[in-house]
Asks: 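Sharing a structure here in structure tokens format.
Because only heavy atoms are used, hydrogens play no part in the values below, and waters and symmetry mates are left out as well, while side chains stay in. Chain letters run A, B, ... following the sequence lines, proteins first and then strands; every chain starts at 1.
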Amino acid sequence: ELKVEQNPLFLSMQEGKNYTIYCNYSTTSDRLYWYRQDPGKSLESLFVLLSNGAVKQEGRLMASLDTKARLSTLHITAAVHDLSATYFCAVDRGNKLVFGAGTILRVKS
Amino acid sequence: GAGVSQSPSNKVTEKGKDVELRCDPISGHTALYWYRQSLGQGLEFLIYFQGNSAPDKSGLPSDRFSAERTGGSVSTLTIQRTQQEDSAVYLCASSLGSSSYNEQFFGPGTRLTVL
């Protein structure tokens, strides 16, 4: 059974600082997605990573995928308040996505 | 264009009643998914529809849960004899379903509260 683990589960960051969220998964997959969820809202797609070594960047967020290590990272550069949200990674199992528990990110002014 | 829509946005029901939740996928998307998001269990897959193929029901938690997809478009998730542990946000997603990957686009969800 595929397990997806994110850490940390909660991250309190200061504005301007850098940090990384990690997503480990237990069985082979070469498709991984990152989503953002604001309180009371649905999931917004951030990144689609489709192969080993894939790197995608959008603004202050950069995601990468290492399928050999079964690891994806979401790096946050110079955090700003607008990035406060919950971030989920999800591994594609064909018929479904298996989600991590989510990382609650709070950026303090 | 229009995204995935779901109705109702909120549903409060009494234990033992049946509820129906509706999902309207993005036009042209052949794959449709239901997930459940609850505090204790996180985001869980429930069921998957792809075109005219038999649905993958492997995530349905009990036989009180069922889903239909009529005409390859709108889907209805039905929960019979609701229990308090069914309280959660039910999310619907759709994808093109025909490419080598399935980026899923999520609807706003239905928040179900069982009293």
Asks: Ignoring hydrogens and geometry, is there a side-chain-to-backbone donor-acceptor pair from A:Ser42 to B:Gly109 under 3.5 Å?
Replies: no
Asks: Taking B:Tyr35 for its side chain and A:Leu97 for its backbone only, find out whether a donor-acceptor pair lies under 3.5 Å.
Replies: yes
Asks: Please indicate whether A:Tyr19 has more than 12 foreign heavy atoms, meaning atoms of other residues, nucleotides or ligands, lying under 6.0 Å from its OH.
Replies: no
Asks: B:Leu91 versus chain A, heavy atoms under 4.5 Å apart: side chain, backbone, both or neither?
Replies: side chain
Asks: Any side-chain heavy atom of B:Gln37 within less than 4.5 Å of one from A:Phe88?
Replies: yes
Asks: Name the member of B:Ser58, B:Gly42, B:Gly107 that forms the most heavy-atom pairs with chain A at distances under 4.5 Å.
Replies: B:Gly107
Asks: Above 12 or not: heavy atoms from other molecules or residues under 6.0 Å from CE of A:Met62?
Replies: no
Asks: Write down the atom of A:Asn95, the atom of B:Tyr48, and the distance for their closest heavy-atom approach.
Replies: OD1-CE2, 3.3 Å
Asks: Flag yes if more than 12 heavy atoms outside B:Glu68 fall under 6.0 Å of its CD atom; otherwise flag no.
Replies: no
Asks: State whether the number of non-hydrogen atoms from other residues, nucleotides or ligands found under 6.0 Å of B:Leu115 atom CG is greater than 12.
Replies: yes
Asks: Near A:Glu15 CD, under 6.0 Å, is it more than 12 heavy atoms from other residues, nucleotides or ligands?
Replies: yes
Asks: How many angstroms lie between CD1 in B:Ile47 and NZ in A:Lys96, if you round to the nearest 0.5 Å?
Replies: 12.5 Å
Asks: Is atom CZ of B:Arg111 surrounded by more than 12 heavy atoms (other residues, nucleotides or ligands) closer than 6.0 Å?
Replies: no
Asks: Measuring from A:Tyr33:OH to B:Gln104:CD, what's the distance to the nearest 0.5 Å?
Replies: 7.0 Å
